[in-house]
Amino acid sequence: MIHQHWISRHSGVLILLPSLILTAIFVYGFIGSSFFISLTNWRTLSVDLSLRDPLWQTYADLLSMPRFQADLRNTFVFTTLFILFAVSLGLGLAILLDRQLAGKGFFRNTFLFPYALSFIVTGVVWRWIFNPETGINLFFDFLGINQALESSGMSPLSPGWTTDPSVVFSVNHILSQVWPAGGDFQIEWGIPVALIPVAIAATWQLSGFVMAMYLGGLGGIRPQIRDAARIDGASEFRLYRSVIIPMLNPITISTVIILIHVSLKIFDLVFAMSGVGPGFATDVPAIFVFEMMFKAARYNLGTSASVVMLILSSLVIVPYLMHSLKTRET
Amino acid sequence: MKMKRVLLWFLLGCLMIFYLLPVYVMLVNSLRDASSVSLSTMWELPHHLSMQGFIHAWSLLSPNLQNSLWMVFPSALISSVIGALNGYIFSKWRFKGSEFLFALLLFGFFIPYQAILLPLVRFLQWINLYGTIPGLILTHVVYGISVTTLIFRNFYIHIPNSIIEAATVDGAGTLGAFWRVIMPLSLPAFAVALIFQFTNIWNDFLFGITVVPNPQSQPVTIALNNLSGSFSVDWNVVMAGAILAAIPTALVYIGLGKLFVQGLVSGSVKA
């Protein structure tokens with residue numbers, strides 16, 4: 001009887017135990033193991049788990065690699081562009097659909113539809129749309145833009161899209177002025193043009209998700225609030241700008257954090273759409289990790305880059321998780 | 001007022017073009033025959049419809065589509081059942097420290113999986129599941145538990161505790177109460193969790209390409225990417241392949257859209 005009592009008192013923990021053990025091994029154990037490997041000499045196919053001397057040398061190597069510097073720049077630029085595009089478009093869609101409208105459900109379903117697809121499908125199709133030989137560049141011919149440009153002596157408009165190696169708005173000279181060591185960067189700090197099409201494809205896939213989040217929030221705003229603002233004579237534009245969008249702030253924060261989390265680890269879309277790109281213009285840390293681990297057998301370098309990825313996303317996710325679990329308690 | 005209405009419909013029309021553009025590209029080019037596939041005709045409607053592309057894509061991808069099916073159903077089902085049990089404990093049988101354990105579990109959903117990839121592959125090699133569908137199932141179950149637990153916990157929080165108290169007074173244990181009173185109420189949560197997992201796992205690429213190196217045993221997303229990268233395949237076949245790989249999740253979305261939206265919103269932590 002006492003035995004049975006013990007089981008029922010602890011059955012909660014017993015039921016959780018398998019999942020807790022699996023998480024302890026597969027999440028925390030493996031993270032620890034990756035971190036350990038990043039400190040070792042293991043950089044060929046034969047396993048070598050002796051520690052490097054100095055211990056952090058692999059991280060120093062990693063951060064001084066032009067390719068990884070480009071990856072960090074690309075992650076930063078891609079995240080910024082993607083969030084800017086996806087949040088403004090998603091919010092715009094939600095506001096457009098936030099009214100009496102024939103075919104509202106149809107529009108909503110179409111905008112959200114890409115979210116159900118795999119990043120690989122998205123990448124494969126957008127790769128063709130942004131192919132410089134075909135795709136949207138044909139429209140510039142079709143619409144007569146190129147003929148007009150040529151007849152006025154200018155070169156025809158045919159962007160290289162993901163094949164364009166140029167980096168615009170470079171800030172290297174500013175960096176070198178405020179920070180002398182900044183001149184040592186082997187890469188250009190700016191916006192790689194080739195990343196823009198990738199950000200557009202990612203926006204196509206995820207702006208519907210942003211819209212769905214905002215539509216959920218808009219549905220929760222009581223009609224009295226709108227009525228009150230209208231009675232005060234607020235225009236539709238003022239109503240959204242000054243009343244509704246500020247009320248949606250918590251949703252904006254959740255959405256941005258989820259999108260940052262998607263963007264920091266983005267792999268499949270870039271892999272299928274453009275790969276590393278010309279001069280690593282579209283390379284991202286996830287592809288770097290994949291190639292170091294599964295192509296080049298530079299295991300310590302690959303795991304060190306993965307630890308950098310983990311740190312970057314933890315900086316965003318941990319405060320968010322702590323905050324949302326805490327607010328739910330009360 | 002009328003001007004505004006016109007502007008609204010104009011905007012919606014432009015947006016529809018943007019969202020349907022890739023669908024149009026996939027459809028018109030998958031239905032072309034190989035001889036009329038060329039770079040300059042990408043946007044034109046095919047002169048006559050041909051199923052060649054689909055037939056060829058099917059012959060190349062059908063083994064991988066099968067692999068994906070064998071992978072996705074067990075993974076989605078097992079991770080949902082475990083998530084239901086965990087969610088039940090975390091919402092109805094809280095104990096000291098259970099919130100902290102929940103946070104630790106949940107963190108697993110948000111890590112970039114690159115950070116566990118090398119040890120995972122070594123571990124699967126060690127237990128002889130590397131390169132196999134069961135190895136992928138194990139991987140998807142383990143890393144799926146956190147999000148399914150979240151979905152069920154958020155669902156069970158809204159079920160009154162009195163139901164469970166009534167069942168335990170009648171002599172049911174923790175599991176007895178789950179089986180008798182919680183399970184029958186869980187159907188909506190199972191639908192949401194299964195759809196969420198089905199979509200996520202079907203669309204996975206990273207685990208598929210790293211855990212299974214043999215092309216014959218790979219899921220369809222990896223096979224599609226290989227197809228798209230190979231120069232010997234005409235791109236009516238690639239576009240048909242993209243459609244084949246997209247059909248299962250697209251059908252789930254079209255058929256069960258409402259539950260799909262619930263799933264993606266519950267993936268965002270807030271109850």
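Of the listed residues (B:Gly229, B:Ala242, B:Ala245, B:Ser228), the greatest number of heavy-atom pairs within a distance under 4.5 Å of chain A belongs to B:Ser228. Put simply, of B:Ile145, B:Asn200, B:Leu120, B:Ile254, the one with the most heavy-atom pairs under 4.5 Å next to chain A is B:Leu120. Of the residues considered (B:Leu21, B:Leu20, B:Val142), B:Val142 shows the highest number of contacts with chain A, using heavy-atom pairs under 4.5 Å. Annotation: maximal heavy-atom pairing with chain A below 4.5 Å, among B:Asn29, B:Asn86, B:Val238, occurs at B:Asn86. Counting heavy-atom pairs closer than 4.5 Å to chain B, the top residue among A:Asn131, A:Leu22, A:Val124 is A:Val124.
Note: B:Phe205 and A:Phe119 fail the aromatic proximity criterion, with ring centroids not under 6.0 Å apart. Taking the six-membered ring for Trp and the full ring otherwise, B:Tyr24 and A:Trp128 have centroids separated by 6.0 Å or more.
Interface remark: A:Ile129 contributes backbone and side-chain atoms alike to the contact with chain B (heavy atom separation under 4.5 Å). Looking at A:Leu138, the atoms closer than 4.5 Å to chain B (heavy atoms on both sides) all sit in the side chain, from C-beta outward. Contact annotation for A:Leu97: only side-chain heavy atoms (C-beta onward) come within less than 4.5 Å of a heavy atom of chain B. At a 4.5 Å heavy-atom cutoff, the contact between B:Trp235 and chain A is made by side-chain atoms alone. Only the side chain of A:Val318 comes within less than 4.5 Å of a heavy atom in chain B; its backbone stays farther off. For a residue to count as touching a neighbouring chain, one of its non-hydrogen atoms must lie under 4.5 Å from one of that chain's; by this rule B:Ile89 touches chain A with the side chain only. Heavy atoms of A:Ile136 lying under 4.5 Å from chain B belong to its backbone as well as its side chain. For a residue to count as touching a neighbouring chain, one of its non-hydrogen atoms must lie under 4.5 Å from one of that chain's; by this rule B:Tyr88 does not touch chain A. Looking at A:Phe290, only its side chain comes within 4.5 Å of chain B, counting heavy atoms on both sides. With a 4.5 Å cut-off on non-hydrogen atoms, B:Leu7 does not touch chain A at all. Looking at A:Val47, the atoms closer than 4.5 Å to chain B (heavy atoms on both sides) all sit in the side chain, from C-beta outward. Looking at B:Ile222, there are no atoms closer than 4.5 Å to chain A (heavy atoms on both sides), in backbone or side chain. Looking at B:Met239, only its side chain comes within 4.5 Å of chain A, counting heavy atoms on both sides. Using a 4.5 Å cut-off between heavy atoms, B:Phe95 contacts chain A through its side chain alone, with no backbone atom that close. Neither the backbone nor the side chain of A:Ile257 comes within contact range of chain B; no heavy atoms are under 4.5 Å apart. The part of B:Val23 that comes within reach of chain A is its side chain, from C-beta onward, which places non-hydrogen atoms under 4.5 angstrom from that chain. Using a 4.5 Å cut-off between heavy atoms, B:Thr199 contacts chain A through its side chain alone, with no backbone atom that close. The contact between B:Ile82 and chain A is made entirely by side chain atoms (from C-beta outward), counting heavy-atom distances below 4.5 Å. Interface residue A:Met293: only side-chain heavy atoms are found under 4.5 Å from chain B. Looking at A:Phe288, neither its backbone nor its side chain comes within 4.5 Å of chain B, counting heavy atoms on both sides. For a residue to count as touching a neighbouring chain, one of its non-hydrogen atoms must lie under 4.5 Å from one of that chain's; by this rule A:Phe111 touches chain B with backbone and side chain alike. Using a 4.5 Å cut-off between heavy atoms, B:Leu105 contacts chain A through both its backbone and its side chain. Neither the backbone nor the side chain of A:Val307 comes within less than 4.5 Å of any heavy atom of chain B.
Of all heavy-atom pairs spanning B:Arg5 and A:Arg99, the tightest one is NH1-CD, 4.3 Å. What you find for B:Thr249 and A:Ala116 is that their closest heavy atoms are OG1-O, 3.1 Å. Closest approach of A:Ser313 to B:Phe110, counting heavy atoms only: OG-O, 4.2 Å. Scanning both residues, A:Ser118 and B:Asn203, for their nearest heavy atoms gives CB-OD1, 3.2 Å.
In this structure, OG on A:Ser19 lies 11.0 Å from CG on B:Leu101, to the nearest 0.5 angstrom. To the nearest 0.5 Å, the span separating OH on B:Tyr253 from CG on A:Leu117 amounts to 10.0 Å. The OG1 atom of B:Thr174 sits 9.0 Å away from atom CG of A:Leu14, with the distance rounded to the nearest 0.5 Å. We find the CZ-CD1 distance between A:Phe271 and B:Ile209 to be 4.5 Å, quoted to the nearest 0.5 Å. Between the CG atom of A:Leu89 and the CG atom of B:Leu15 there is a distance of 6.0 Å, given to the nearest 0.5 Å. Between the CG atom of B:Leu118 and the CD1 atom of A:Ile37 there is a distance of 4.5 Å, given to the nearest 0.5 Å.
More than 12 heavy atoms of other shown residues, nucleotides or ligands fall within 6.0 angstrom of atom CH2 in B:Trp9.
Relative ring orientation between B:Tyr143 and A:Phe26 is described as perpendicular, the plane-to-plane angle rising above 60° on a 0-90° scale split at 30° and 60°. Using cut-offs of 30° and 60° for the angle between ring planes, the B:Phe18 and A:Trp126 rings count as tilted.
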Practice task
Might you work through the side chain to side chain contact (heavy atoms under 4.5 Å, CB included) test for A:Ser11 and B:Trp93, ending with a clear yes or no?
Solution key: CA-CA 9 Å; A:Ser11 54; B:Trp93 294 87; 5.9 Å; no
Exercise for the section: Decide yes or no on side chain to side chain contact (heavy atoms under 4.5 Å, CB included) for B:Leu206 and A:Lys265, but give the supporting numbers first. Expected result: CA-CA 11 Å; B:Leu206 182 65; A:Lys265 64 172 190 183; over 6 Å; no
Exercise for the section: Could you walk me through whether B:Val121 and A:Phe294 pass the side chain to side chain contact (heavy atoms under 4.5 Å, CB included) test, one step at a time? Expected result: CA-CA 10 Å; B:Val121 165; A:Phe294 297 94; 4.0 Å; yes
Practice task
Any chance you could lay out the side chain to side chain contact (heavy atoms under 4.5 Å, CB included) test for B:Ile116 and A:Val27, step after step, and finish with the verdict?
Solution key: CA-CA 7 Å; B:Ile116 50 88; A:Val27 177; 5.5 Å; no
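A donor-acceptor pair shorter than 3.5 Å can be found between the side chains of B:Tyr19 and A:Ser207.
Residues A:Phe267 and B:Pro112 fail the side-chain proximity criterion, which asks for heavy atoms closer than 4.5 Å. The shortest side-chain heavy-atom distance between A:Ile287 and B:Gln114 does not fall under the 4.5 Å cut-off. With contacts defined as side-chain heavy-atom distances shorter than 4.5 Å, the pair B:Leu104/A:Thr23 does not qualify. The side-chain heavy atoms of B:Thr221 and A:Asp268, taken from C-beta on, include no pair separated by under 4.5 Å.
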